[in-house]
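Just so we're on the same page: letters track the sequence lines, and every chain starts at 1. Worth saying up front: this structure is predicted, and the values here are computed from it rather than measured.
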Amino acid sequence: MIRTRFAPSPTGYLHIGGVRTALFNWLLARQSGGQFILRIDDTDAGRNVNEAIEPILNGFRWLGLDWDEGPEVGGPHEPYYQSQRSARHQAAAEKLLASGHAYRDYATTEELQVQRDEAQSSGRSFVYDRRWMATDAESAAKFEAEGRSGVVRLKMPRNGQCVIEDLVRGEVCVDWSGEQDHVIQRADASCLYHLASVVDDHDLEITHIVRAEEHLPNTPRQIFILESLGYTRPIYAHLPYVAEPGGTAKLSKRKLAKYLKNKDFADLLSRGNHIASECNVTTDADTFNPVIVDFYREIGFTPHAILNYLLLLGWSLDGVTEKFTVDEMIKHFTLARVNRSPASFDPQKLLSVQGDTFAALSLEDRVAATLPFATRAGLVHESIPETMILLREVVEATGDRLKMAGDIVDYRYVFSDELSFDEAAFEKRVTGDEPARLLLADLADSLETCGSFDAPSVEAAVQSFCESKQVKLKQIVHALRIATTGVSNGFGMFETLAVIGKTRTVARIRQALVRVGSATS
RNA sequence: GGCCCCUUCGUCUAGCGGUUAGGACACCGCCCUUUCACGGCGGUAACACGGGUUCAAGUCCCGUAGGGGUCACCA
């Protein structure tokens, strides 16, 4: 039985790299019929834990990564908040003290820093000489009399090796002598992460610890703690981190300014900003960022696309298969095929996966996905049936031009007659093209007499108009598109006119011609 | 700086001793075409370097270089 966990701190956001770690954990649990547990590592957190975990839980819900035990759902090992398990941590600290695997220490931070700096400048690794270690109650009392306050430190082995069997990296060996006597409990009795984490993982019966590789250097001391406590070792797998776009350093929420120099990343964010602004959504600059999952939800990404992209970031089945349903992910995922080197986050590939995923959705699903965005952008109102019909027609006509649900905002011209013109294109195709303009005037009259106005009828009408005028379609179509939509690209011309409808099409053409007059006079 | 990890096209990767080093994204060209997108066809592009081992090395071993992670009374 496999039990995995993801243990976020209440930071208020869900990092894309964290999602990948969570996904792998989730997959492992699901494929074995085991459990995936969410534990909140709020050891050091202040008051607003609930507020800060909400975006994280929302992210998980949106992605469909359900947890078997944890916040909101509870479970047999409650509580799932580390801060509420402090009694267990303190008991463990006592036990380590009693067994001699830890000691009370009275060094000050400053005193230690001096030793640390010395070690570093002479090229050695720092090993505390235990100068302020209390050897018995008497020496502790003496230190306390000096006004020192004591913490509990691990009494690490000074020789031998720690061998970590890692499912991703193989065997990793570290000399114990390089490990520090880490503090596990503060003077106020509160316990630190490493102790808490080990105790909780044991209490929650976690079998596989799958986490990012930045935790690899922490592993020896965690192993020391758990073995000193008599726990059985979990199975470890340290995943390479997700690297920044175009780089090799760890992807970090804090380096947004740097990533903006990457064109693909900047384009993605600017696409997001455009959609958000069209939807009148005020974005939180702190979390509206392609490094954070919320960003994708806000602009209409498909959760499955995120999952599929992340699955392939550092893992592959055979180097060829790219598309996986969730069931296929569960069926095929193995830690053995996780790569050992960091994989850099590629906004273009993500976008491509998203586009394919969205295009593969049924028309109903795409309409449903775009509805919230169209509503927020003021394009449609659920109480006005005509706008709902229009939405469906637009989604159908746009086909795979819609890469994500938020892209619907680009078709405002279908819903609203207040066109926003691409002036350069208007100048070139309408104002500056007198023959086309004259034709447009006649075309408007001609279209007005059209019987039915579905796309094939419009096409037939425009074609026969062209024949009667002895012009090619392309001599008029550009001007027609800009006159009726304001922009120079979109889905099929005839579909566009059909969706807009006869009355509005004719009115828009005439309006555009008036616009030329007023601009030139 | 110490310790640890990593190294195949620009990016994600396949490869587990013998391959014309494969696929995907991106890019370029051609075709399709009323724009855009899609689609079709084609193309550019990689084994970090140096030693071994071997008949044979991207694949195994050892170095070097480069990159990265981590060194808290944070998690």
Side-chain angles (χ1 to χ4, degrees), chain A residues 7-11 41-45 82 105 107-109 112-113 116 119-127 149 151-153 164 166 168-169 172-175 177-180 182-188 190-194 196-197 212-220 238 240-241 243 245-250 264 309 312-323 337 339-353 355-356 359 398-403 410 425 429 459 462 472-478 480-482 485 487-494 496:
Chain A
S9 333
T11 51
D41 280 8
D42 57 347
T43 300
D44 196 43
Q82 202 158 54
D105 185 67
T108 63
T109 311
L112 247 31
Q113 194 55 49
R116 234 180 237 119
Q120 173 146 350
S121 58
S122 59
R124 309 185 319 265
S125 45
F126 166 63
V127 180
S149 59
V151 297
V152 177
R153 280 183 193 282
I164 304 162
D166 191 286
V168 171
R169 337 219 87 143
V172 178
C173 303
V174 184
D175 287 339
S177 61
E179 294 299 306
Q180 305 198 34
H182 247 83
V183 173
I184 53 173
Q185 188 173 29
R186 300 183 181 95
D188 67 1
S190 63
C191 292
L192 266 19
Y193 169 73
H194 292 294
S197 180
E213 70 174 316
E214 55 257 36
H215 287 283
L216 190 53
N218 300 153
T219 308
H238 288 92
Y241 54 85
T248 52
K250 190 169 71 168
D264 300 332
Y309 171 73
L312 262 17
L313 201 58
W315 180 86
S316 78
L317 176 63
D318 49 19
V320 176
T321 312
E322 297 261 321
K323 299 200 174 16
R337 288 194 64 85
N339 271 304
R340 283 185 290 274
S341 53
S344 95
F345 172 71
D346 181 356
Q348 279 187 325
K349 179 88 178 187
L350 209 207
L351 227 33
S352 161
V353 172
D356 288 350
T398 49
D400 49 28
R401 287 170 184 80
L402 240 38
K403 303 297 181 197
D410 285 343
R429 298 296 194 181
E459 177 164 11
V462 175
K472 299 263 194 225
L473 182 60
K474 65 174 160 188
Q475 290 175 258
I476 191 177
V477 76
H478 300 289
L480 178 59
R481 180 181 291 279
I482 291 162
T485 68
V487 293
S488 55
N489 56 44
F491 49 94
M493 186 71 260
F494 308 115
T496 301

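- The side-chain ring of A/His215 is not stacked on the base of B/rG69, judged by centre separation under 5.5 angstrom and plane angle under 30 degrees.
- Using a 4.0 Å heavy-atom criterion, one finds that A/Val172 contacts the sugar-phosphate atoms exclusively.
- Within 6.0 Å of CZ in A/Arg340 there are 12 or fewer heavy atoms belonging to other residues, nucleotides or ligands.
- Among the atoms of the strands shown, only primed sugar atoms or phosphate atoms (P, OP1, OP2) are found under 4.0 Å from some heavy atom of A/Gly314.
- Nearest heavy atom pair, residue A/Phe126 against residue A/Ala119, reads CA-CB, 3.6 Å.
- For B/rC36, the base has a donor-acceptor partner in the side chain of A/Arg401 [N/O atoms by modelled type, under 3.5 angstrom].
- Using a 4.5 Å cut-off on side-chain heavy atoms (C-beta onward), A/Arg169 and A/Pro240 make contact.
- For A/Asn339, the listed nucleotide lying nearest its side chain is B/rU13; candidates were B/rU70, B/rC6, B/rU13.
- Under the Watson-Crick and G-U wobble criteria, each requiring two contacts below 3.5 Å, nucleotide B/rG2 is paired to B/rU70.
- Between the C1' atoms of B/rU11 and B/rC49, the separation comes to 23 Å (whole Å).
- For the P atoms, the distance linking B/rG52 with B/rG58 amounts to 15 Å, nearest Å.
- The residue among A/Ala187 and A/Ala249 whose nearest nucleotide of RNA chain B lies closer to the 5′ end is A/Ala249.
- A donor-acceptor pair shorter than 3.5 Å cannot be found between the side chains of A/Arg481 and A/Thr485.
- OP1 and OP2 of B/rA37 both lie 4.0 Å or more from every side-chain N or O belonging to A/Asn489.
- Residue contacts shown for A/Arg481 include a base, since a base heavy atom lies under 4.0 Å away.
- Nucleic acid contact for A/Phe494: base, since at least one base atom lies under 4.0 Å from a heavy atom of the residue.
- Here the separation of B/rU59 from B/rU19, taken at their P atoms, is 13 Å to the nearest Å.
- Using a 4.0 Å heavy-atom distance criterion, A/Asn218 is classed as a base contact.
- Residue A/His238 is classed as having no contact, given no heavy-atom separation below 4.0 Å to the nucleic acid.
- For A/Val174, the listed nucleotide lying nearest its side chain is B/rC4; candidates were B/rC4, B/rA37, B/rG1.
- Using a 4.0 Å heavy-atom cutoff across all strands shown, A/Tyr309 reaches no nucleic acid atom at all.
- Among the heavy atoms of the strands lying under 4.0 Å from A/Gly490 is at least one base atom, whether or not backbone atoms are also near.
- Within the nucleic acid shown, A/Gln180 comes within 4.0 Å of sugar-phosphate atoms alone, with no base atom in reach, counting heavy atoms only.
- The shortest distance between the side-chain N/O atoms of A/Lys474 and the OP1/OP2 oxygens of B/rU33 is not below 4.0 Å.
- Comparing B/rC6, B/rC25, B/rU34 by their nearest atom to the side chain of A/Leu473 picks out B/rU34.
- In this structure, A/Arg186 atom CZ and B/rA75 atom P are separated by 6 Å, rounded to whole Å.
- If you take CZ of A/Arg153 and P of B/rC73, they are 6 Å apart, rounded to a whole angstrom.
- In this structure, A/Lys250 reaches the sugar-phosphate backbone alone: every heavy-atom distance under 4.0 Å involves primed, P, OP1 or OP2 atoms, never a base.
- Within the nucleic acid shown, A/Ser316 comes within 4.0 Å of sugar-phosphate atoms alone, with no base atom in reach, counting heavy atoms only.
- Checking A/Ser177 against A/Asp175 by side-chain atom types alone, no donor-acceptor pair falls below 3.5 Å.
- Contact annotation: A/Arg337 does not reach the phosphate of B/rC16 (side-chain N/O to OP1 or OP2, under 4.0 Å).
- The separation of B/rA65 from B/rA56, taken at their P atoms, amounts to 28 Å, rounded to a whole angstrom.
- Salt bridge annotation for A/Lys349-A/Glu322: present, with a cationic side-chain nitrogen under 4.0 angstrom from a carboxylate oxygen.
- Distance A/Gln82 CD to B/rC74 C1': 12 Å, rounded to the nearest Å.
- Spacing between B/rG15 and B/rG22 at atom C1', rounded to whole Å, works out to 8 Å.
- Taking atom P in both B/rC25 and B/rA21, one finds a spacing of 22 Å when rounded to whole Å.
- When both distances must be under 3.5 Å, the Watson-Crick or G-U wobble mate of B/rA24 is B/rU11.
- Residue A/Glu322 has its side chain nearest to B/rA24 when only B/rA24, B/rG10, B/rC38 are considered.
- A/Ile164 has its CD1 atom 16 Å from the P atom of B/rC3, to the nearest Å.
- The interatomic distance linking A/Phe126 (CZ) with B/rU70 (C1') rounds to 16 Å, in whole Å.
- Straight-line distance between the P atoms of B/rU44 and B/rC5: roughly 39 Å, to the nearest whole Å.
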Side chain to side chain donor-acceptor pair (under 3.5 Å) assessment of A/Ser190 paired with A/Asp188: CA-CA 6 Å; A/Ser190 63; A/Asp188 67 1; 2.6 Å; yes
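- Of the candidates B/rC25, B/rC5, B/rA75, the closest approach to any side-chain atom of A/Leu216 belongs to B/rC5.
- Comparing B/rC38, B/rU34, B/rG68 by their nearest atom to the side chain of A/Thr248 picks out B/rG68.
- In this structure, A/Glu213 atom CD and B/rA75 atom P are separated by 21 Å, rounded to whole Å.
- Taking side-chain N and O atoms only, A/Arg429 has no distance below 4.0 Å to OP1 or OP2 of B/rU35.
- Across all strands shown, A/Ala425 has no heavy atoms under 4.0 Å from either base or sugar-phosphate atoms.
- Side-chain contact between A/Thr43 and A/Cys191 is absent, with no heavy-atom pair separated by less than 4.5 Å.
- The gap from the C1' atom of B/rA46 to that of B/rA24 amounts to 15 Å, rounded to the nearest Å.
- In this structure, OH of A/Tyr241 is placed 12 Å from P of B/rG67, rounded to the nearest angstrom.
- Residue A/Asp41 holds its CG atom at 11.5 Å from OG1 of A/Thr11, rounded to the nearest 0.5 Å.
- If you check B/rC55 for Watson-Crick or wobble pairing at under 3.5 angstrom, you find it paired to B/rG18.
- Atom CG of A/Leu350 is separated from atom C1' of B/rA26 by 14 Å (rounded to the nearest Å).
- Looking at heavy-atom distances under 4.0 Å, A/Ser352 makes contact with sugar-phosphate atoms alone, never a base.
- Note on A/Gln348: only backbone sugar-phosphate atoms sit closer than 4.0 angstrom, heavy atoms only; bases stay farther off.
- The side chain of A/Tyr193 lies closest to B/rA75, out of B/rU13, B/rA75, B/rC5.
- Taking the six-membered ring for Trp and thresholds of 30 and 60 degrees, A/Tyr193 and A/His215 have ring planes inclined between 30 and 60 degrees apart.
- Remark on RNA chain B: of its neighbouring residues A/Lys349 and A/Asp175, the 5'-side contact belongs to A/Asp175, judged by nearest-heavy-atom nucleotide.
- With both pairing distances under 3.5 Å, B/rG50 is matched to B/rC62 as a Watson-Crick or G-U wobble pair.
- Figure legend. B/rU35 is base-paired to no nucleotide; pairs are counted as Watson-Crick or G-U wobble with both atom distances under 3.5 Å.
- You'll find that the side chain of A/Ala343 is closest to B/rC12, out of B/rC12, B/rA72, B/rC6.
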